Structures are given as C-alpha cells and as structure tokens.
Amino acid sequence: MTHLVEHLEQYLGPISVAWTNDADGDRAHAQIVRFDDGPLDVVVAYSTLGLSRYALDVPGMAPIRIELLMMVRRGHFERYVPSVMQQIAEEMIHEGRAPFRGEVIGPRGLLDPDTKLEAFLLYSPYYQPDEFAVCEDANGPIIIAMLLPLFLEEANFAGTHGWEALESLLAEHDPNVDDWLRPPLPVHGS
C-alpha cells in the first residue's frame with residue numbers, strides 16, 4: 001500500500017484527510033482520502049485507498065485491481081463525495097466486479113441536492129498525465145479510474161449511443177468535469 005500512496009501523492013499532493021468508517025460508523029473495506037494541494041488550484045481530489053486489495057472481475061477480462069478517483073471544485077459539493085465514493089467501492093467489493101472503462105454507474109438520483117448530476121462515467125484520469133493511470137506495485141498493476149459525474153441525459157445518451165459517442169462530446173466541448181454546476185453536454189442534437 002505504501003507504493004500506492006506514494007504514487008497518488010506524487011500526482012495529487014499529500015493526503016490531507018482520510019475517512020476509514022462508513023456512514024454507520026463501521027470500518028469500511030476501503031478508505032476515502034482527500035488531496036487538497038494538488039496541481040490544480042481550484043480542484044480537490046478524492047481517491048479510494050484499499051479497494052485494490054480486492055481482485056475484481058471485469059466481463060471478458062482477467063480480474064483487476066482498481067482505485068477510484070474523483071475531482072471536485074474546491075468548496076463545492078464536497079460534503080457528499082466521500083460517502084458516494086465509499087458506496088460505489090463497497091458495491092464493487094460486495095459484487096466482486098469492477099466497472100469497465102466507459103461504463104455508466106447510475107443514474108441513482110441527485111448526487112447532491114444542489115446539482116442535477118445523477119450518474120458517473122468510469123473513465124481514464126482526465127487531468128493527470130498518462131503514467132498516473134496505472135500504479136505498478138509488487139502484486140501487479142493497480143488501475144486508477146476516474147469517476148466523471150454525469151447528468152441524466154448524458155447517462156442516457158451513453159446508454160443509447162455508446163460511451164465513445166459521449167467521449168467525443170467531452171472532447172468537442174471540453175467541459176470542466178470537476179464543476180458540478182457545469183451545463184449539460186448538448187446530447188439531444190447528437
């Protein structure tokens with residue numbers, strides 16, 4: 001785990017806070033950690049830490065080890081990020097399955113009462129260099145996957161047109177995916 005912490009801190013800055021218990025006060029299978037002093041001044045990074053202790057199935061692939069990453073505008077919507085990430089990690093462990101790149105998680109209702117975001121796209125880390133996406137340790141590779149928050153219409157678009165079509169819209173419009181107040185992508189005319 002030490003090498004993973006070093007890997008994360010190399011790209012995201014030092015860990016500033018860690019949550020080890022779930023909302024009921026029970027010890028969680030994976031911690032959620034926050035990085036306040038990363039390379040982007042207005043963005044705070046959150047990551048699971050310990051999810052990679054579990055080898056998770058991915059349809060059509062060998063089991064993988066994975067950690068989840070989420071980037072959020074500093075001071076906005078952070079109150080729900082640790083519990084949302086912890087819920088997703090616990091579900092993955094319970095099911096013994098990891099989502100695959102491009103899979104939509106949700107929609108499950110509003111991620112925060114002050115935003116219209118309802119789902120996530122499992123994606124490659126958006127702001128970090130390519131070498132951040134995999135941490136090599138003594139037990140093999142650990143994939144670092146980003147949770148990109150989506151509006152209901154974006155999640156539905158990915159479901160009907162495929163995540164590659166959503167990826168094209170992301171590339172074309174280049175939204176601030178860490179901003180939970182961003183406007184939705186124009187998926188209706190696509």
Side-chain angles (χ1 to χ4, degrees), residues 1-20 22 28-35 38-40 43-72 81-108 111 117 119-150 154-155 158-159 162-168 170-171 175 177-178:
M1 192 72 55
T2 302
H3 185 68
L4 176 61
V5 170
E6 290 170 357
H7 179 83
L8 293 170
E9 289 186 332
Q10 176 184 352
Y11 294 96
L12 303 173
I15 293 173
S16 55
V17 180
W19 291 266
T20 56
D22 64 19
H29 290 96
Q31 295 182 67
I32 306 300
V33 293
R34 184 174 75 202
F35 305 86
L40 301 173
V43 177
V44 177
Y46 290 82
S47 175
T48 55
L49 185 62
L51 179 58
S52 59
R53 288 191 303 249
Y54 302 88
L56 301 172
D57 292 332
V58 177
M61 296 175 56
I64 64 168
R65 297 184 316 134
I66 188 170
E67 297 289 350
L68 302 174
L69 172 72
M70 193 182 310
M71 309 289 276
V72 183
V81 171
S83 60
V84 167
M85 290 186 76
Q86 200 166 61
Q87 179 183 3
I88 292 170
E90 291 291 330
E91 289 173 4
M92 290 168 58
I93 293 166
H94 177 73
E95 294 171 4
R97 180 191 168 290
F100 51 88
R101 182 175 187 255
E103 185 172 335
V104 173
I105 300 169
R108 299 183 181 169
L111 301 179
L117 297 164
F120 291 102
L121 176 70
L122 191 82
Y123 203 65
S124 300
Y126 206 79
Y127 297 114
Q128 289 75 27
D130 291 344
E131 54 272 12
F132 173 73
V134 177
C135 172
E136 294 289 345
D137 78 357
N139 297 318
I142 299 170
I143 296 168
I144 312 294
M146 187 166 180
L147 294 169
L148 283 178
L150 299 177
E154 294 168 344
W163 73 271
E164 294 90 348
L166 182 62
E167 180 180 48
S168 293
L170 285 166
V177 294
D178 56 74

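Small disclaimer: the values here were computed from a predicted structure and weren't measured. Just so it is clear, the values below take in all heavy atoms, side chains as well, and ignore hydrogens, waters and symmetry mates.
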Q. Looking only at atom types and distance, does a side-chain atom of Thr48 sit under 3.5 Å from a main-chain N or O of Glu67, one as donor and one as acceptor?
A. no
Q) Would you find a donor on one side and an acceptor on the other, under 3.5 Å apart, between the side chain of His3 and the backbone of Ala138? A) no
(Q) I'd like to know whether Ile88 forms a side-chain contact (heavy atoms from CB on, under 4.5 Å) with Ile105, so could you lay out the CA-CA distance, the side-chain angles of the two residues, the decisive distance to 0.1 Å, and finally the verdict. (A) CA-CA 9 Å; Ile88 292 170; Ile105 300 169; 4.2 Å; yes
Only counting residues at least two apart or in another chain, list the ones meeting side-chain hydrogen bond (donor to acceptor under 3.5 Å, both in side chains) with [X].
| X | value |
| --- | --- |
| Glu154 | Arg182 |
| Arg97 | Glu103 |
| Ser47 | none |

**Q.** Residues forming a salt bridge (charged side-chain N to carboxylate O under 4.0 Å, His left out) with Glu90, sequence neighbours excluded
**A.** none
Q: Sequence neighbours left out, what passes salt bridge (charged side-chain N to carboxylate O under 4.0 Å, His left out) with Glu91? Give chain and number order.
A: Arg108
Q. What's the spacing between Ser52 OG and Ile66 CD1 if we round to 0.5 Å?
A. 9.5 Å
Q | Approximate separation, where rounding is to 0.5 Å, of Ile64 CD1 and Ile143 CD1 | A | 4.0 Å
Search all heavy atoms of [X] against all heavy atoms of [Y] and return the closest pair with its distance.
| X | Y | result |
| --- | --- | --- |
| Ala30 | Gln86 | O-NE2, 3.9 Å |
| Leu121 | Gly102 | CD1-O, 3.2 Å |
| Ala119 | Ala155 | CB-CB, 3.9 Å |
| Trp163 | Arg101 | CH2-NH1, 2.8 Å |

Contacts of type side-chain contact (heavy atoms from CB on, under 4.5 Å), residue [X], not counting sequence neighbours:
| X | answer |
| --- | --- |
| Ile93 | His29, Leu51, Tyr54 |
| Asn139 | Arg65, Asp137 |
| Gln31 | Ala18, Thr20, Val33, Leu49 |
| Ala133 | Pro125 |

Is there a side-chain contact between [X] and [Y] in this structure, where contact means two heavy atoms from C-beta onward sitting under 4.5 Å apart?
| X | Y | value |
| --- | --- | --- |
| Val134 | Ile142 | no |
| Leu8 | Phe132 | yes |
| Leu170 | Pro175 | yes |
| Met61 | Phe100 | no |
| Val81 | Val72 | yes |
| Leu147 | Leu122 | yes |
| Met71 | Met146 | yes |
| Val17 | Ile32 | no |

Q. For residues 7-18, which residue pairs qualify under side chain to side chain donor-acceptor pair (under 3.5 Å), counting only residues two or more places apart or in two chains?
A. Ser16-Asp36
Q: Would you sort out whether Val44 and Phe35 count as a side-chain contact (heavy atoms from CB on, under 4.5 Å), showing the intermediate values?
A: CA-CA 6 Å; Val44 177; Phe35 305 86; 6.0 Å; no
Q: For Gln128 and Leu12, run side-chain contact (heavy atoms from CB on, under 4.5 Å): C-alpha distance rounded to whole Å, both residues' side-chain angles, the deciding distance at 0.1 Å, then the answer.
A: CA-CA 9 Å; Gln128 289 75 27; Leu12 303 173; 3.5 Å; yes
Q.
Among Leu111, Leu150, Leu68, Leu148, exactly one meets side-chain contact (heavy atoms from CB on, under 4.5 Å) together with Phe120. Which residue is that?
A. Leu111
